[in-house]
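Shown next, in structure tokens, is the structure this report addresses.
What you see below is based on every heavy atom in this structure, not just the backbone, and it leaves out hydrogens, waters and symmetry mates.
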Amino acid sequence: MNALLIATLGLAFLYGILMLSYTYGWCRLKKFDPAAHAYTFNTKVSVIIPARDEEKNLPVLLEALQQQSYPANLFEVIVVDDFSNDGTADTVRYFPATNVRLIRMSDRISHHQRLNSYKKKAIELAIGEATGHLIVTTDADCVMGPKWLESIVKFYETYRPRFIAAPVAYHREEDFFQKLQSLDFMTMQGITGAVAYLQTGTMCNGANLAYEKTAFEEVGGFTGIDMIASGDDMLLMYKIYHAYPDGVMYLKSRDAVVRTLPVETVKGFMNQRIRWSSKADKYEDKRITRVLVLVYLWNVMLSLMAIVAVFSPQLWSWFGWLMVYKIVVELIFLVPVAGFFKKGSLLPWFIPGQLFHIVYVVMAGWLGKFGTYEWKGRLVK
């Protein structure tokens, strides 16, 4: 029992330092105001959207893209239909816009050909036909504001990074479960910006990325990481970071935020988080791996302490104080992040969601290493 307590207190100390460093990094990361910069109208952009059974979501996204302030003649939208079983292809084919085009994977590869990552293959096919200098990727269930592309291009033309990670947020959170997801996801987004400023890791989300087509080609694209089902975002990011250490940046701008929907069911949520955690041991960026191990062990020790306290009631007070400590250091970080995303109204749900957060981290971390998950109707080991 004493060993458990000492180990947990040691992890608590390290976790507190980690969260305070992230708070510093996020607050020091300068906001980018697109209105303060001009673009030169010479950057051609290719927006790539992999889509599988997205007939319902695509019209909203395609309409949002047609409302962009960036000149329509300077960007193209390429939707890659990943063997959909609904009307995804027809939704794109008959959408009334000249800069939107469709690639059907079924026209390029056999339905019986087994791939480790269909999403990577979809992006790879699109990049092969893209005419843009800057590749921008998003997901079919996303939506963005009218200055999204403008802010990305202005940031690119101002700083000339090879790779840009940009913010993603949930929206339309209606119930308690969806609010918890939004808070958890917002925390990860804040950490993404913080590590970019601190230069202590490489993190991003595939729903809002931009990178030079030449950089993608120079690092060999997805070669070497194509055996992993997910990782079209962070694993590629590290490849580009490894080649261009000063060429990876985070775009902190509200105009650049992409919004997506939270998962509706607990099963869907766990599949998503297991998928994310499944690539943790595949990261060549060991700075992120070390952080993930620390966070996982911290949550495991809190869980063990709660279990042991059932048989050793004297531990309950320690467990209670450690939970208060966890809540405080995380809120210190989360409050300014929530302010950026204009989601301060969700903060009262943070404390009630703590136990759920601990349990899911422990389960998803374990199953991501040793279990399976379902993604887009496909079972992945």
Side-chain angles (χ1 to χ4, degrees), residues 25 43 45-50 78 80 82 105 109 115-139 152-153 155-156 159-168 188-189 191-251 256 258 275-293 368-369 375 380:
T43 299
V45 177
S46 293
V47 180
I48 294 175
I49 307 163
I78 305 175
V80 187
D82 178 7
M105 290 183 70
I109 61 176
L115 299 174
N116 292 311
S117 177
Y118 286 84
K119 186 176 182 181
K120 291 194 189 79
K121 187 63 177 179
I123 295 172
E124 186 180 78
L125 287 172
I127 291 178
E129 298 189 15
T131 61
H133 172 72
L134 190 66
I135 302 297
V136 177
T137 68
T138 190
D139 292 334
I152 291 174
V153 172
F155 187 80
Y156 172 71
Y159 299 106
R160 293 291 172 178
R162 297 298 190 113
F163 187 105
I164 301 170
V168 184
M188 289 187 282
Q189 286 295 303
I191 293 173
T192 299
V195 298
Y197 175 82
L198 297 170
Q199 297 184 339
T200 57
T202 49
M203 292 180 63
C204 61
N205 187 286
N208 201 5
L209 294 182
Y211 43 86
E212 293 178 337
K213 182 179 180 180
T214 53
F216 178 85
E217 294 169 342
E218 286 169 9
V219 301
F222 296 122
T223 302
I225 58 174
D226 52 355
M227 77 296 293
I228 305 165
S230 59
D232 56 282
D233 43 20
M234 288 179 61
L235 298 179
L236 175 63
M237 182 185 195
Y238 186 72
K239 288 187 73 174
I240 295 178
Y241 169 81
H242 185 71
Y244 309 102
D246 298 323
V248 175
M249 300 182 71
Y250 182 85
L251 169 53
V258 160
R275 171 166 58 89
W276 290 354
S277 63
S278 68
K279 56 191 176 184
D281 60 346
K282 308 298 191 302
Y283 297 144
E284 289 189 41
D285 191 346
K286 300 307 177 186
R287 298 170 299 177
I288 293 298
T289 303
R290 287 192 291 268
V291 168
L292 292 174
V293 170
K369 177 65 176 175
W375 187 20
V380 182

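- Inter-residue side-chain proximity for V291 and R287 is flagged as unmet; no heavy-atom pair is nearer than 4.5 Å.
- Considering only heavy atoms from C-beta on, P50 stays 4.5 Å or farther from Y118 through its side chain.
- Note that OG of S46 and CD1 of I78 are 5.0 Å apart. Values are rounded to the nearest 0.5 Å.
- A donor-acceptor pair is defined here as one N or O able to donate and one able to accept, closer than 3.5 Å; such a pair exists between the side chain of K239 and the backbone of G221.
- Here the straight-line distance linking atom CG of L134 with atom OG1 of T43 works out to 7.0 Å at 0.5 Å rounding.
- Taking NZ from K286 and CG from L292, the interatomic distance works out to 10.5 Å, rounded to the nearest 0.5 Å.
- Not one N or O on the side chain of T138 forms a donor-acceptor pair closer than 3.5 Å with the backbone of N208.
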Worked verdict on I191 versus M188 for side chain to side chain contact (heavy atoms under 4.5 Å, CB included): CA-CA 5 Å; I191 293 173; M188 289 187 282; 5.5 Å; no
Under the criterion side chain to side chain contact (heavy atoms under 4.5 Å, CB included), I'd like the reasoning laid out for K119 against I123: C-alpha separation, chi angles, the key distance, then a yes or no. CA-CA 6 Å; K119 186 176 182 181; I123 295 172; 4.3 Å; yes
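- Between the side chain of T137 and the backbone N or O of G206, at least one donor-acceptor pair lies under 3.5 Å.
- At least one side-chain heavy atom of Y250 sits less than 4.5 Å from a side-chain heavy atom of Q189.
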Does the side chain to side chain contact (heavy atoms under 4.5 Å, CB included) test come out yes or no for Y241 and Q199, once each step is laid out? CA-CA 11 Å; Y241 169 81; Q199 297 184 339; 5.9 Å; no
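- Listed for the K213 side chain is a donor-acceptor partner under 3.5 Å among the backbone atoms of A130.
- When all heavy atoms are compared, the tightest approach of A243 to V219 is CB-CG1, 3.8 Å.
- Residue I152 holds its CD1 atom at 6.5 Å from CG of L251, rounded to the nearest 0.5 Å.
- For E129, the CD atom is densely surrounded, since the number of other residues' heavy atoms within 6.0 Å is greater than 12.
- Taking 4.5 Å as the limit, every side-chain heavy atom of M234 sits out of range of all side-chain heavy atoms of Y238.
- With a 4.5 Å cut-off on side-chain heavy atoms, L209 and M237 do not count as touching.
- Listed by chain and number, the residues in a ring-ring contact (aromatic ring centres under 6.0 Å, His included) with Y211 are F163, F216 (sequence neighbours excluded).
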Might you work through the side chain to side chain contact (heavy atoms under 4.5 Å, CB included) test for K120 and L236, ending with a clear yes or no? CA-CA 10 Å; K120 291 194 189 79; L236 175 63; over 6 Å; no
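- Formation of a donor-acceptor pair under 3.5 Å by the E212 side chain with backbone atoms of R162 is not found in this model.
- For the residue pair I164 and F155, the shortest heavy atom distance occurs at CD1-CD2, 3.8 Å.
- Taken to the nearest 0.5 Å, the OG1 atom of T192 stands 7.5 Å off from the CG atom of N205.
- Remark: H133 NE2 is packed, more than 12 non-hydrogen atoms of other residues, nucleotides or ligands lying under 6.0 Å away.
- Rounded to the nearest 0.5 Å, atoms CD1 (I135) and OG1 (T214) are 9.5 Å apart.
- The backbone N or O of T202 sits less than 3.5 Å from a side-chain atom of D285, completing a donor-acceptor pair.
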